[in-house]
Visitor: 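Below is one structure. I have some questions about it.
Start at 1 with the first residue, then count along the sequence.
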Amino acid sequence: MSQTDYEITDAGDGAAKLRLVGDWTTTALGRLPQRLDKDLDGRKIASVDTRDLGRFDTAGALALVQASHCGVPKSAWTDRPEAGRIYTMIETLERKSSAPPPQPDAFTRSFAKIGRGVYDFGAEAMLSLAFLGRLMEAVVEAAKHPRGIRWPAWVSQGERAGLDAIPIVMVTNFFIGAVVAFIGVDLLTDFGAQVFAVQLIGVAMFREFAVVIASVLLAGRSASAFAAEIGSMRMNQEVDAMQVMGVNPFQALVIPRVAALVLMLPLLTFMGMIGGLMGGLIVCWTSLNLGPAFFFQRLVEDGNMAQHMMVGLVKAPVFALVIAAIGCRQGMSVAGDVESLGRRVTAAVVQAIFAIILLDAVFALVFLELDI
């Protein structure tokens with residue numbers, strides 16, 4: 001078969017005769033449609049010579065339709081009626097299909113995007129309040145009927161969300177404590193008060209870093225797991241099956257996860273405090289030659305250390321409740337596709353971390369007003 005090409009001759013009165021050569025198919029056309037449109041330049045096609053035309057598909061028909069603004073006469077396809085049928089179908093679709101809707105300007109699109117964001121925020125807030133109401137109802141129901149509590153699920157979730165996270169929490173807080181110690185020793189040495197680095201490490205770890213680091217780790221570790229597990233069950237319609245069997249999904253799926261995190265995060269916070277103190281101790285021992293006995297003696301002699309520790313431990317259950325509720329709420333909102341699952345898992349982690357930082361700032365303001 002000859003190479004795909006065309007030949008245009010003058011037919012008089014501004015019209016043109018078009019001769020098609022070779023295969024006019026998707027793989028053979030290349031940039032020929034652009035050349036054809038330029039060469040015809042809006043001229044009317046009087047006739048089409050198809051004697052040298054090879055294969056012809058919808059791509060070739062579309063090239064002719066777009067180049068021939070007035071169309072090709074039906075008599076042109078006498079020798080190749082099957083090609084004429086393809087051309088007629090494409091011409092009908094191309095010329096009679098509705099034009100794409102006009103796009104608003106960039107300024108309008110920007111405001112529309114902001115409006116959609118505000119609407120989505122309000123919708124998320126309403127759904128979160130609805131989830132909170134159902135969660136409170138499930139908690140009251142569990143308190144009324146303690147025999148219906150699924151204790152094995154509580155223990156299993158507590159082990160996975162709490163005990164299994166102890167190593168990573170302690171190691172992370174160990175390095176955080178070491179960093180705080182390095183900064184404190186470097187700054188306080190300039191004032192000859194390097195011995196107060198011990199108090200700095202204790203206050204930082206007891207009051208803020210231990211609980212925040214443990215909560216952030218659980219937000220990435222447990223909130224995402226809760227959203228993925230429950231979301232997968234939603235995709236597989238297991239949650240619907242539970243409801244059909246008369247099992248309350250909140251009692252079976254949400255309450256054990258929330259309870260496990262509320263019980264385990266204070267323990268993780270305490271272990272994080274120990275890890276942070278060990279990191280600070282190592283730095284003070286190597287940099288200031290302050291041994292473990294002196295280090296812990298300084299902590300014990302400071303009467304406010306117990307209060308700082310209680311401040312950190314008080315935050316832990318609240319952070320745990322928020323993390324677990326966000327993870328379960330996003331899991332319950334998963335639709336029937338994988339894309340929705342990915343978006344909900346990402347939202348669970350982001351919202352949980354944001355909530356932790358926000359709540360920590362609120363606690364700081366409250367304790368500041370209470371002089372604690």
Side-chain angles (χ1 to χ4, degrees), residues 131-132 134-135 138-139 142 146 148-176 210-239 241-242 247-276 312-313 315-334 338 340-356 359:
F131 177 86
L132 181 60
R134 294 186 63 186
L135 178 60
V139 170
I149 295 177
R150 301 171 183 271
W151 296 110
W154 286 40
V155 175
S156 174
Q157 293 297 332
E159 179 182 3
R160 293 172 54 194
L163 300 181
D164 291 348
I166 289 178
I168 185 63
V169 170
M170 291 194 67
V171 170
T172 305
N173 278 282
F174 176 87
F175 288 111
I176 294 295
V211 64
V212 171
I213 295 300
S215 300
V216 169
L217 288 175
L218 282 190
R221 187 178 183 275
S222 297
S224 59
F226 293 170
E229 291 167 359
I230 299 177
S232 298
M233 296 180 70
R234 290 273 298 175
M235 289 175 57
N236 296 330
Q237 298 183 340
E238 295 177 43
V239 176
M242 294 172 65
V247 178
N248 188 341
F250 273 73
Q251 294 286 350
L253 302 176
V254 178
I255 295 295
R257 288 169 169 80
V258 173
L261 224 58
V262 170
L263 294 175
M264 287 294 110
L265 189 53
L267 173 63
L268 292 176
T269 300
F270 180 74
M271 300 305 294
M273 293 175 181
I274 295 177
L313 292 175
K315 297 178 184 179
V318 180
F319 289 176
L321 178 62
V322 172
I323 294 170
I326 289 176
C328 295
R329 178 256 184 277
Q330 293 297 334
M332 285 292 189
S333 300
V334 171
V338 178
S340 174
L341 178 63
R343 285 190 286 105
R344 291 297 178 177
V345 171
T346 302
V349 176
V350 173
Q351 290 181 11
I353 294 176
F354 175 79
I356 290 166
L359 286 175

Visitor: Please check: side-chain N/O of Gln157 versus main-chain N/O of Leu261, any donor-acceptor pairing under 3.5 Å?
Guide: no
Visitor: Which is it for Phe131 and Val254 under the side chain to side chain contact (heavy atoms under 4.5 Å, CB included) test, yes or no, and what are the steps along the way?
Guide: CA-CA 10 Å; Phe131 177 86; Val254 178; 4.0 Å; yes
Visitor: Indicate yes or no: at least one non-hydrogen side-chain atom of Ile255 is less than 4.5 angstrom from one of Trp154.
Guide: yes
Visitor: Using the test side chain to side chain contact (heavy atoms under 4.5 Å, CB included), find all partners of Pro317 that sit at least two apart in sequence or belong to another chain.
Guide: Val262, Pro266
Visitor: Going by the side-chain hydrogen bond (donor to acceptor under 3.5 Å, both in side chains) test, which pairs reach into residues 254-271, not counting sequence neighbours?
Guide: Glu229-Arg257
Visitor: Mind listing the closest non-hydrogen atom pair of Ile356 and Phe319 along with its distance?
Guide: O-CZ, 4.0 Å
Visitor: Applying side chain to side chain contact (heavy atoms under 4.5 Å, CB included), name anything that partners Met264, two or more places apart in sequence or on another chain.
Guide: Leu163, Leu267
Visitor: With heavy-atom distances below 4.5 Å as the criterion, would you say the side chains of Ile326 and Val349 are in contact?
Guide: no
Visitor: I'd like to know whether CZ of Phe270 has more than 12 heavy-atom contacts from other residues, nucleotides or ligands below 6.0 angstrom.
Guide: no
Visitor: Kindly compute the distance separating CZ (Phe226) from CZ (Arg160), expressed to the nearest 0.5 Å.
Guide: 7.5 Å
Visitor: Do Met233 and Pro249 have side-chain heavy atoms sitting under 4.5 Å apart?
Guide: no
Visitor: Quick one: which residue pairs count as a side-chain hydrogen bond (donor to acceptor under 3.5 Å, both in side chains) with a foot in residues 211-225, not counting sequence neighbours?
Guide: none
Visitor: Ala210 and Asn173: which non-hydrogen atoms are nearest, and at how many Å?
Guide: CA-OD1, 3.3 Å
Visitor: Compare every heavy atom of Ile353 with every heavy atom of Ala219, then report the nearest pair and how far apart it is.
Guide: CB-CG1, 3.8 Å
Visitor: Would you name the heavy atoms of Val247 and Ala252 that are closest together and state the gap between them?
Guide: CG1-CB, 4.0 Å
Visitor: Please find the pair of heavy atoms, one from Leu268 and one from Gly162, that lie closest to each other, and give the distance.
Guide: CD2-O, 3.2 Å
Visitor: Who are the side chain to side chain contact (heavy atoms under 4.5 Å, CB included) partners of Ala153, not counting sequence neighbours?
Guide: Arg150, Pro256
Visitor: Sequence neighbours left out, what passes side chain to side chain contact (heavy atoms under 4.5 Å, CB included) with Asn236? Give chain and number order.
Guide: Glu238
Visitor: With a 3.5 Å cut-off and no angle check, do the side chains of Ser333 and Arg329 form a donor-acceptor pair?
Guide: yes
Visitor: Does Asp164 form a side chain to side chain contact (heavy atoms under 4.5 Å, CB included) with Glu159? I'd like the steps, not just the answer.
Guide: CA-CA 6 Å; Asp164 291 348; Glu159 179 182 3; 4.1 Å; yes
Visitor: Once you round to the nearest 0.5 Å, how far does CG of Leu359 lie from CG of Leu321?
Guide: 9.5 Å
Visitor: State, yes or no, whether a side-chain contact exists between Met235 and Val338 at a heavy-atom distance under 4.5 Å.
Guide: yes
Visitor: Can you see which heavy atom on Ala325 is nearest to which on Val258, and at what distance?
Guide: N-CG2, 4.4 Å
Visitor: As an exercise, state the distance from CG of Leu218 to CD1 of Ile323, rounded to the nearest 0.5 Å.
Guide: 5.5 Å
Visitor: Quick one: does Met332's side chain get under 4.5 Å of Leu253's, heavy atoms only?
Guide: yes
Visitor: For Ile274 and Met170, run side chain to side chain contact (heavy atoms under 4.5 Å, CB included): C-alpha distance rounded to whole Å, both residues' side-chain angles, the deciding distance at 0.1 Å, then the answer.
Guide: CA-CA 7 Å; Ile274 295 177; Met170 291 194 67; 4.2 Å; yes
